[in-house]
A.B. asks: 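Dropping the structure in here first, questions after.
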Amino acid sequence: MEPHRWLPLEANPDFLKQLGIHPDWQFVDVYGMEPELLSMVPRPVCAVLLLFPITEKYETFRTEEEERIKSKGQDVKSSVYFMKQTINNACGTIGLIHAIANNRDKMNFETNSSLKKFLEDSLSMTPEERAKYLETYEAIRVTHESSAHEGQTEAPSIDEKVDLHFIALVNVGGHLYELDGRKPFPINHGETSDDSFLEDAIEVCKKFMERDPEELRFNAIALSAA
């Protein structure tokens, strides 16, 4: 069976509004990783999305990381909302769902919010069941497609191979988690706090960049208080 495939998504600020989330949180660009540039990001920050290239070096690292965690184990709180990615090019939307789902106590949803309904319906599901549910959840797919067409650049064709990928970094219960639907489980990157979360998340982003020093295609956006 052909895998589900969506149009690749840019970081479109209207996407939150279209999903029925009140504008008291917003996505803002992180212009650089130095302290003075991080100080320009409005606080508090409750999630960071990182866009990065999927390269051979990264894939090698990903396999090694998975094997290491499977043999050594890690602590992941049961309250972490995590879903797998089974739809091609849906990583931007899944990153956004991860960011919102793990901060849903901070969000104000419109009554008829399609995302609020999706989260309520899928809370008790496994990561695989959430992925399957998203495949059939028309309201989010339609919002994703219209958002992809509204990006600043022309949307690539639906069959074009895109080697850029979004992940979400979130703080759940004082631990920083990397949530990537291509991975089998969340990755616990250690302790964090509301105050230090942005800096801690950027340290994780730097590791991605250090693994691929020739690459320039990295971009971080923060989910910040408006």
A.B. asks: Could you please spell out the steps behind the side-chain contact (heavy atoms from CB on, under 4.5 Å) verdict for Val80 and Leu179?
C.D. replies: CA-CA 9 Å; Val80 175; Leu179 304 174; 3.8 Å; yes
A.B. asks: Between Glu66 and Arg182 (salt bridge meaning N to carboxylate O under 4.0 Å), is one present in this structure?
C.D. replies: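 Between Arg182 and Glu66 there is no salt bridge, as every charged N stays at least 4.0 Å from the carboxylate O atoms.
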A.B. asks: Evaluate the salt bridge (Lys or Arg N to Asp or Glu O under 4.0 Å) criterion for residues Arg217 and Asp212: first the C-alpha distance (whole Å), next the side-chain angles of each, then the deciding distance (0.1 Å), finally the verdict.
C.D. replies: CA-CA 10 Å; Arg217 296 173 298 163; Asp212 256 312; over 6 Å; no
A.B. asks: Any donor-acceptor pair under 3.5 Å linking the side chain of Ser224 with the backbone of Pro42?
C.D. replies: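 Yes; judged by distance alone, with no hydrogens or angles, the pair exists.
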A.B. asks: Are the side chain of Ser113 and the backbone of Leu19 linked by a donor-acceptor contact shorter than 3.5 Å?
C.D. replies: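 Indeed, once roles are kept as given, a pair shorter than 3.5 Å links the two residues.
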A.B. asks: Main chain of Asn112, side chain of Glu110: is a donor-acceptor contact present, judged purely on distance under 3.5 Å?
C.D. replies: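 Between the backbone of Asn112 and the side chain of Glu110 there is no qualifying donor-acceptor contact (under 3.5 Å).
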A.B. asks: Is the backbone of Arg68 close enough, under 3.5 Å, to the side chain of Ser71 for a donor and an acceptor to pair up by distance?
C.D. replies: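 Judged by distance alone, yes, a pair lies under 3.5 Å.
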A.B. asks: With the side chain counted from C-beta on, respond yes when Phe185 and Ile69 share a heavy-atom pair under 4.5 Å apart, and no when they do not.
C.D. replies: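 The answer is yes, as the side chains (C-beta and beyond) meet within the 4.5 Å cut-off.
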A.B. asks: Please check this pair: side chain of Asn188 against backbone of Asp75, looking for a donor-acceptor N/O pair closer than 3.5 Å.
C.D. replies: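 Pair found, side chain donor or acceptor close to backbone of Asp75.
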A.B. asks: Is Glu129 salt-bridged to Lys132, going by a charged N under 4.0 Å from an acidic O?
C.D. replies: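 So Glu129 does not pair with Lys132 through a salt bridge.
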A.B. asks: Please answer whether the main-chain N or O of His189 pairs with a side-chain N or O of His175 as donor and acceptor at a distance below 3.5 Å.
C.D. replies: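 Side chain of His175 to backbone of His189: no pair is present.
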A.B. asks: Is the closest side-chain heavy-atom distance between Met33 and Leu37 below 4.5 Å?
C.D. replies: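 A side-chain contact under 4.5 Å is absent here.
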A.B. asks: Count I, L, V, M, F, W, Y as connected when their side-chain heavy atoms are under 4.5 Å apart, and connections chain through other members. Are Val45 and Leu50 then in the same cluster?
C.D. replies: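 Yes, Val45 connects to Leu50 through the hydrophobic network.
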A.B. asks: Say you draw a straight line from CG of Asp29 to CD1 of Ile221; how long is it, rounded to the nearest 0.5 Å?
C.D. replies: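 Rounded to the nearest 0.5 Å, the CG-CD1 separation comes out at 7.0 Å.
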A.B. asks: Provide the closest heavy-atom pair for Leu119 versus Ala101 in the form atom of the first, atom of the second, distance.
C.D. replies: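 Between these two residues, the closest heavy atoms are CD2-CB, 3.6 Å.
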A.B. asks: Would you say that Asn108 contacts Ile21 through its side chain, given a criterion of any heavy-atom pair below 4.5 Å between the two side chains?
C.D. replies: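 Answer no - side chains too far apart.
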A.B. asks: Under 30°, 30 to 60°, or over 60°: which ring-plane class applies to Tyr58 and Phe208, parallel, tilted or perpendicular?
C.D. replies: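 It falls in the parallel class, under 30°.
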A.B. asks: What I'd like to find out is whether the side chain of Asp180 reaches to under 4.5 Å of the side chain of Ile187, using heavy atoms alone.
C.D. replies: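 Not touching, per the 4.5 Å side-chain cut-off.
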A.B. asks: Over 60° means perpendicular and under 30° means parallel, so tell me whether Tyr133 and Phe118 are parallel, tilted or perpendicular.
C.D. replies: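 Ring orientation, 0 to 90° scale: parallel.
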A.B. asks: Quick one: do Glu120 and Lys116 make a salt bridge, cutoff under 4.0 Å?
C.D. replies: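 So Glu120 pairs with Lys116 through a salt bridge.
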A.B. asks: Considering only NZ, NE, NH1 and NH2 on the basic side and carboxylate oxygens on the acidic side, decide whether Glu203 and Lys206 come within less than 4.0 Å.
C.D. replies: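 The answer is yes: the pair qualifies as a salt bridge.
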A.B. asks: When you measure from the centre of the six-membered ring of Tyr137, is the NZ or CZ of Arg130 under 6.0 Å away and within 45° of the axis?
C.D. replies: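 Not satisfied by the 6.0 Å and 45° rule.
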A.B. asks: State yes or no: are the ring centers of Phe109 and His22 separated by less than 6.0 Å?
C.D. replies: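 So the answer is no for these two rings.
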A.B. asks: Please determine whether salt bridge (Lys or Arg N to Asp or Glu O under 4.0 Å) holds for the pair Glu65 and Lys183, giving the CA-CA distance in whole Å, both sets of side-chain angles, and the decisive distance to 0.1 Å.
C.D. replies: CA-CA 10 Å; Glu65 177 189 57; Lys183 294 187 175 180; 2.7 Å; yes
A.B. asks: Looking at side-chain heavy atoms only, is the closest gap between Asn219 and Val30 below 4.5 Å?
C.D. replies: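 The answer is no, as the side chains (C-beta and beyond) never meet within the 4.5 Å cut-off.
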A.B. asks: Hey, what do you get for CD (Glu128) to OG1 (Thr126), rounding to the nearest 0.5 Å?
C.D. replies: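 Taking CD in Glu128 and OG1 in Thr126, the distance rounds to 4.5 Å.
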A.B. asks: Considering only heavy atoms from C-beta outward, does the side chain of Thr86 approach that of Glu135 to under 4.5 Å?
C.D. replies: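 With C-beta onward as the side chain, the pair touches.
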A.B. asks: Got Ser122 and Tyr81 here, is their nearest side-chain heavy-atom distance under 4.5 Å?
C.D. replies: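 Heavy-atom side-chain distance check passes, below 4.5 Å.
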A.B. asks: Quick check for you: to the nearest 0.5 Å, what is the distance between Lys77 atom NZ and Asn102 atom CG?
C.D. replies: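 Lys77 atom NZ to Asn102 atom CG measures 12.5 Å (nearest 0.5 Å).
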A.B. asks: Taking the inter-plane angle between the rings of Phe52 and His165 on a 0 to 90° scale, is it parallel (under 30°), tilted (30 to 60°) or perpendicular (over 60°)?
C.D. replies: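 Taking His165 first and then Phe52, their aromatic rings stand perpendicular (interplane angle over 60°).
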A.B. asks: Working note: Phe197 + Leu176, criterion side-chain contact (heavy atoms from CB on, under 4.5 Å); need CA distance, chi angles, decisive distance, verdict.
C.D. replies: CA-CA 8 Å; Phe197 171 71; Leu176 198 163; 4.1 Å; yes
A.B. asks: How many angstroms lie between CD1 in Ile167 and CG in Leu49, if you round to the nearest 0.5 Å?
C.D. replies: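 So the gap between those two atoms works out to 9.0 Å.
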A.B. asks: Side chains of Arg104 and Leu123: does their closest heavy-atom pair fall under 4.5 Å?
C.D. replies: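 When only atoms from C-beta onward are counted, Leu123 and Arg104 do touch, with a gap below 4.5 Å.
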A.B. asks: For Arg211 and Glu59, run salt bridge (Lys or Arg N to Asp or Glu O under 4.0 Å): C-alpha distance rounded to whole Å, both residues' side-chain angles, the deciding distance at 0.1 Å, then the answer.
C.D. replies: CA-CA 11 Å; Arg211 281 192 289 269; Glu59 290 296 77; over 6 Å; no
